[in-house]
J.: 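Encoded as structure tokens, here's the structure I'll be asking about.
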Amino acid sequence: MADCECLPKCPFFHDRMENMPAMANLMKKRYCQGDATDCARHMIFLALGGDKVPPQLYPSQVERAREIIAAAKAG
């Protein structure tokens, strides 16, 4: 599988994780390299657009992503 299309510009990895390269690499393997469907950031990107992804959202915060998507679609 190919890398997630968001990875080259993902502010989470390029801003928040720049001082933690080992952790960033583990998270990239899990969420960005291969199947990105488990990534909370990618879920919002697909549903609402990249400008709606909160910069502080961690890839593992799937429940929070679902709340954001539901709120946006309800309102």
J.: Using the test side chain to side chain donor-acceptor pair (under 3.5 Å), find all partners of Ser60 that sit at least two apart in sequence or belong to another chain.
T.: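 For Ser60 there are no side chain to side chain donor-acceptor pair (under 3.5 Å) partners, ignoring immediate neighbours.
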J.: Applying side chain to side chain contact (heavy atoms under 4.5 Å, CB included) to Asp3 and Cys32, what does each step give before you reach the verdict?
T.: CA-CA 6 Å; Asp3 287 352; Cys32 311; 5.9 Å; no
J.: Tell me every residue that passes side chain to side chain contact (heavy atoms under 4.5 Å, CB included) with Gln56, counting only those two or more places apart in sequence or in another chain.
T.: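 Only Arg16, Pro54 meet the side chain to side chain contact (heavy atoms under 4.5 Å, CB included) criterion with Gln56.
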J.: Dump the intermediate steps for side chain to side chain contact (heavy atoms under 4.5 Å, CB included) on Asn25 and Arg30, then the final yes or no.
T.: CA-CA 9 Å; Asn25 283 334; Arg30 166 93 195 272; over 6 Å; no
J.: Return the SG to NZ distance between Cys4 and Lys9, rounded to the nearest 0.5 Å.
T.: 13.0 Å
J.: For the CG atom of Leu7 and the CD atom of Gln33, what is their distance to the nearest 0.5 Å?
T.: 7.0 Å
J.: Which is it for Leu48 and Ile68 under the side chain to side chain contact (heavy atoms under 4.5 Å, CB included) test, yes or no, and what are the steps along the way?
T.: CA-CA 9 Å; Leu48 306 175; Ile68 292 168; 4.1 Å; yes
J.: Measure the CD1-SG distance between Ile44 and Cys6 for me, rounded to the nearest 0.5 Å.
T.: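 Nearest 0.5 Å value for the CD1-SG distance: 11.0 Å.
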J.: Any ring-ring contact (aromatic ring centres under 6.0 Å, His included) involving residues 33-53? Give me the pairs, sequence neighbours left out, ordered by first then second residue.
T.: His42-Phe45
J.: Strictly by salt bridge (Lys or Arg N to Asp or Glu O under 4.0 Å), give each pair with a member in residues 38-58 just once, sequence neighbours left out.
T.: none
J.: Establish whether Ile69 and Leu57 are linked, either directly or via other cluster members, by ILVMFWY side-chain heavy-atom contacts under 4.5 Å.
T.: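 Looking at the clustering, Leu57 is in the same group as Ile69.
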J.: Which pairs, with at least one residue in residues 49-75 and sequence neighbours excluded, count as a ring-ring contact (aromatic ring centres under 6.0 Å, His included)?
T.: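 Output for this query lists Phe12-Tyr58.
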J.: With a 4.5 Å cut-off on side-chain heavy-atom distances among I, L, V, M, F, W and Y, is there a chain of contacts connecting Val62 to Tyr31?
T.: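 No, because Val62 and Tyr31 fall into different hydrophobic clusters, even though each may have its own neighbours under 4.5 Å.
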J.: Salt bridge (charged side-chain N to carboxylate O under 4.0 Å, His left out) with Glu67: which residues, sequence neighbours excluded?
T.: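 Expected list: Arg64.
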